[in-house]
Participant: 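What follows is a single structure, and I will ask about it in a moment.
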Number of protein chains: 2
Amino acid sequence: MRIGEVAAKAGVSVRALRYYEQQELLHSTRNPGGQRQYPAGAVERVRLIQRLYSVGLPSRTIREVLPFADSGEVSPELLELLAAEHDGLDRQMTDLRDVRDRLHDCITEARGHHRTASPS
Amino acid sequence: MRIGEVAAKAGVSVRALRYYEQQELLHSTRNPGGQRQYPAGAVERVRLIQRLYSVGLPSRTIREVLPFADSGEVSPELLELLAAEHDGLDRQMTDLRDVRDRLHDCITEARGHHRTASPS
DNA sequence: CTAAAACCTGACGCCGACGTCAGGTGCAAG
DNA sequence: CTTGCACCTGACGTCGGCGTCAGGTTTTAG
């Protein structure tokens with residue numbers, strides 16, 4: 001596959017894929033003309049990268065955790081990193097849930113208001 | 001309270017507080033000398049703002065949802081906004097949980113490996 | 001063979017949440 | 001009064017994840 005096709009299938013820009021390569025998140029081989037060649041699995045990998053970005057992880061972290069999505073190989077020090085990141089995500093989730101619930105309360109309360117005042 | 005004290009108690013920089021004011025997230029009165037004066041509740045408000053930022057919300061959105069944390073006043077169109085934001089957070093949470101679990105699997109699997117090989 | 005797509009490598013632009021520096025003012029203490 | 005710290009207002013710097021333009025090459029369609 002060439003870069004345009006991967007971009008289209010993964011729903012990202014060509015520029016993004018080149019950027020991922022520069023950040024060493026996504027590797028490619030080159031054909032004789034110098035154009036990038038990707039295996040089929042690249043699309044899935046790009047989707048994973050996108051999800052990791054969407055969670056708020058920076059390139060550096062993604063670069064370090066990506067290998068484990070492929071193989072299960074792991075060293076003790078990277079184990080530490082993973083655990084730390086895991087804890088960070090847990091805290092994020094807690095905060096997020098709080099805020100969401102707070103909004104939910106506001107919403108339901110407001111719905112109650114502009115319906116017919118208090119129900120029970 | 002003056003700005004330095006609020007900053008210290010909330011654990012943010014003075015610069016951040018001035019920025020919040022510029023973004024209309026945090027209001028202050030001025031004393032005759034032109035210095036900012038904050039009520040005691042400001043510290044809690046700043047903490048809330050920080051949590052909203054940490055969840056990934058931009059200033060614009062925070063500016064719009066903050067009023068509901070104070071009063072319960074709400075208009076139908078803002079209700080829409082809140083619901084949309086709520087859905088967005090839900091999706092974020094789902095993605096986040098997936099990634100976290102994936103990491104968790106890697107971690108536990110790795111722990112099993114470098115202990116004494118396969119258990120069962 | 002030729003025109004058009006698709007691709008390539010720089011390199012600069014942008015936006016948001018501040019950091020930071022410059023140059024001036026307010027205020028409490030000795 | 002003066003020292004000194006906390007405060008003030010600009011205004012420019014930074015970083016990350018790309019968008020985008022410039023100028024050239026490769027591949028594909030007719």
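Naming convention: chains lettered A, B, ... in sequence-line order (proteins, then strands); numbering from 1 in each chain.
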Participant: Would you say the side chain of B/R2 lies within less than 4.5 Å of the side chain of B/E5, judging by non-hydrogen atoms?
Facilitator: no
Participant: Name the closest nucleotide to the B/Y20 side chain, picking from C/dC7, D/dA6, C/dC18.
Facilitator: C/dC18
Participant: Tell me which nucleotide among C/dA17, D/dC8, D/dC7 gets nearest to the side chain of B/Y53.
Facilitator: C/dA17
Participant: Does the side chain of A/L52 reach to within under 4.5 Å of the side chain of A/T61, using non-hydrogen atoms?
Facilitator: no
Participant: Send over the distance from A/Q35 CD to D/dT28 C1', rounded to a whole Å.
Facilitator: 11 Å
Participant: Whole angstrom is fine here: how far is it from CD in B/Q23 over to C1' in C/dG16?
Facilitator: 9 Å
Participant: Can you find a side chain N or O atom of A/Y19 that sits less than 4.0 Å from OP1 or OP2 on D/dG17?
Facilitator: yes
Participant: With a 4.5 Å heavy-atom cut-off, do B/K9 and B/V46 have their side chains touching?
Facilitator: no
Participant: How many whole angstroms separate atom CD of A/Q37 from atom P of C/dC7?
Facilitator: 11 Å
Participant: Using whole Å, report how far CG of A/L26 lies from P of D/dG17.
Facilitator: 15 Å
Participant: Report yes if at least one side-chain N or O of B/R36 is closer than 4.0 Å to OP1 or OP2 of D/dT9; otherwise report no.
Facilitator: yes
Participant: Is there side-chain contact between A/Q37 and A/M1, with heavy atoms separated by less than 4.5 Å?
Facilitator: no
Participant: Just how far, in rounded Å, is P of D/dG17 from CD of A/Q50?
Facilitator: 11 Å
Participant: Whether B/R18 contacts D/dC8 is assessed here as follows: a side-chain N or O lying under 4.0 Å from the phosphate OP1 or OP2. Is that the case?
Facilitator: yes
Participant: Out of C/dA6, D/dG17, D/dC8, which has the shortest distance to the side chain of B/I3?
Facilitator: D/dC8
Participant: Would you kindly give the OH-to-P distance between A/Y38 and C/dA6, to the nearest whole Å?
Facilitator: 16 Å
Participant: Looking at A/R15, does any N or O in its side chain come under 4.0 Å of the phosphate oxygens OP1/OP2 on C/dC8?
Facilitator: no
Participant: Given side chains that start at C-beta, do those of A/S59 and A/Y53 come closer than 4.5 Å, heavy atoms only?
Facilitator: yes
Participant: Taking only the side-chain nitrogens and oxygens of A/R30, find out if one of them lies under 4.0 Å from OP1 or OP2 of C/dT9.
Facilitator: yes
Participant: Measure the distance from CD on B/E21 to P on C/dC18 and round it to the nearest whole Å.
Facilitator: 15 Å
Participant: For D/dT27 and A/N31 - does any side-chain N or O of the residue sit under 4.0 Å from the phosphate oxygens OP1/OP2?
Facilitator: yes
Participant: A/G33 or A/L17: which one's nearest nucleotide on DNA chain D is closer to the 5' end?
Facilitator: A/L17
